[in-house]
Each structure stands twice: as C-alpha cells, then as structure tokens.
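Shown next, in structure tokens, is the structure this report addresses.
Note that these values count all heavy atoms, side chains included, but never hydrogens, waters or copies made by symmetry. All figures in this text were calculated on a predicted structure; none of them were measured in a lab.
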Amino acid sequence: MKYQKVVPHLWFDTEAEEAVQWYTSIFPDSEIIAKDTLADTPSGDATQMVFKLMGYEFMAISAGPYAVKNPSISFIVQVDKENEELIDKLYKELKKDGQVLMPLDKYPFNDKYAWVQDKYGTSWQLWLREHRSGKNNIVPSLMFANGNKGKAKEAMKLYVDTFKKSEHLASLNFPPGMEPDTDDMIMHAEARLGKKRFAFKDSGHKHDFNFSEGISLLVKCDDQKEIDKYWEKLSAVPEAEECGWLKDKFGVSWQIVPKVMDDMFEHGTSEQLARVTQAFLKMKKFDIEQLEEAYNKK
C-alpha cells in the first residue's frame, strides 16, 4: 500500500481542528482523514488531525502554546497555468487576518507569486507554474538563515543520503550583486526525499526566527530497523530527543514514527490508545515492540 513517507506536522495551541477545517475548505482536492485525541499528555488532552490538501498529506495537533510556527519552513503551492485563478482565490483567503510577506505580483523569478503567513502562523508561497497539465502540487520549503546561512546544500545532501528513493534534482545559486545573499549561497534547490519534492534555500538577511517544533517533519517507518537508522542519521541534539521527536544539526525537528501507529489510531479503542500514549510519553526513540505490547495488553 502506498503512503507518504514524510508528512509535515503543524503545531497549534488549541486551534488545530478549526485550522484544518478552514484549510480543507479553501484548498481544492482536500479532505480530513482522521481526528484522534491523545489523552493525558503534558499538554492535557491533545487533538490530532490527519488531512490532505491538494492530495498532499499533513498532520496537525493542538498541544498548547509551547511551539510556534514561522516561515523557516513554508509550503510552496505550485498552481498549474490552467488553474491560474486558484492563486487569486488562495491569496485572498490566506491573507485574511494574516501577514503578507511578499504581495501577489509578477517577479523576475515568477509571473504570479506571493508569500503569505496565514492567521494560524503557517506560511504559504503561491507559485504559478507554466505547465498546462491541470495538476497542482505542494512542496515544503526549508530556509537556512542566521546561524544556518549557507548550509542549505549541506542539509540537502544529508537528507538525500539518509532517505531511500531520494535524489538531488536542481540547484541555483544567487547571482552576484544580491548581497547579503552571496553567489556561494543557494537561491533555490530541489530534492526528492522518499518520492516527494522538497525545496531548499539560503538567506543572508537577518530573521527573528529559526527552525522550531512549530513545523516538524514526521517520518513513517516500516520497522524498528528503519526507526533506528533515521534516528542515528538525523539526531544531533540529545536534549531534544523526546516522544519520537529529535532535532538535526540544523535545528530542524523530525518525528520518527512507526507506520503501525496509523493502524493503532485508526482501529484502536480509547483504552488502547490511552495505553499507547502513556507508553510513548516515556520514550525518546520509539520502540515498536513496547508500543504493540501496550496496545495489545489485556
């Protein structure tokens, strides 16, 4: 069965369900797949949502005011020329009570582009694609700034080397004369990680944000061997290891999670899910055997 290997995970204080309902109402080809409650977490009862926007899977959680989303990870919404009016619609909706980072306009790099941070703190780059295939895509974009400035190439190599079915697709450096963005820095690059495209860029400008747990990348693993592999390759901040979460050397947050947990949350009773939740709250790296033991306990 096919599934999305890497799933962006959005952290909300209390608004996950409200935000997901809004996103799925304004993006085409969208649906809410699941809603679950993680009982008795350090944040209380946390609502977790699984949903798709334009066929691309996301997760969201209401888990208190402990993490804040910012534009260091944004989502490029590539709109096919055939569907150009969708950019106008999304721009109008996403900027309501949000913040326009770059207004909708024609730019040297794209004929119709905007960068907006919505009212829930999620950042979207709207991008007109010249194809006429009728297909639209979402591409997570990671911006390497401040202490990470100039490290986009290194990060992309680490991720391509780590994930199966991955490859570097393209890189374009800044041209001369765009300081503080210098010509040894990546203006735009793309790689395929686990069959899905990701974008990377450097920024020489000062920003008041860095990568945070507000947007993390959840990796679905087939078995314990795969969990161990990703944990070993990516984890670089021991004190950040908690409940399947880790931080890599660039500060990007990842969740390394067994795929079997999808089945547990889909089919489990509230008692089973409560036992699984209490089991994983005690873990750093997930142990599939212990999770299954908690789930199947009589």
### Message
Please check if the number of heavy atoms outside E289 that lie under 6.0 Å from its CD is greater than 12.
### Response
no
### Message
For K149, is the NZ atom crowded, meaning more than 12 foreign heavy atoms sit under 6.0 Å from it?
### Response
no
### Message
Just to verify, what does E167 make a side-chain contact (heavy atoms from CB on, under 4.5 Å) with, not counting sequence neighbours?
### Response
L169, R192
### Message
Tell me every residue that passes side-chain contact (heavy atoms from CB on, under 4.5 Å) with D248, counting only those two or more places apart in sequence or in another chain.
### Response
Y159, F250, V252, W254
#### Entry: Spacing of CD belonging to Q78 relative to CG belonging to L128, to within rounding of 0.5 Å
10.5 Å
### Message
To the closest 0.5 Å, what do you measure between NE2 (H9) and CG (L217)?
### Response
11.0 Å
### Message
Looking at F12, I'd like to know if the NZ or CZ of K69 sits under 6.0 Å from its six-membered ring centre while staying within 45 degrees of the ring's axis.
### Response
yes
#### Entry: Axial cation check for Y3 ring with K259, 6.0 Å and 45° limits
yes
### Verify same cluster id: L281, L38 (apolar side-chain graph, 4.5 Å)
yes
## Note on the structure
D202 and G150 have their tightest heavy-atom pair at OD1-N, 2.9 Å
### Message
Going by salt bridge (Lys or Arg N to Asp or Glu O under 4.0 Å), name the pairs with one or both residues in residues 29-47, residues two or more places apart or in two chains.
### Response
E17-K35
Give every donor-acceptor pair under 3.5 Å between a side-chain atom in residues 234-242 and any protein atom, sequence neighbours left out.
unit_1	atom_1	unit_2	atom_2	d
S235	OG	E241	OE2	2.6
E241	OE2	W231	NE1	3.4

#### Entry: Distance-only side-chain donor-acceptor flag, E18 / Y120, under 3.5 Å
yes
### Connected-component partners of M187 among ILVMFWY, side-chain separation under 4.5 Å
L172, F174, M178, M185
### Query
I76: which other cluster members, linking ILVMFWY side chains closer than 4.5 Å, directly or transitively?
L101, M102, Y107, F109, Y113, W115, W127, V139, M143, F209
### Message
Is the ring pair F280/F286 parallel, tilted or perpendicular, if the boundaries are 30 and 60 degrees?
### Response
tilted
### Query
Where does the angle between the aromatic ring planes of Y23 and W124 fall among parallel (under 30°), tilted (30 to 60°) and perpendicular (over 60°)?
perpendicular
### Message
If you apply the rule ring pair (Phe, Tyr, Trp, His ring centres under 6.0 Å), what do you find for F75 with Y56, and how did you get there?
### Response
CA-CA 11 Å; F75 300 98; Y56 194 95; 7.6 Å; no
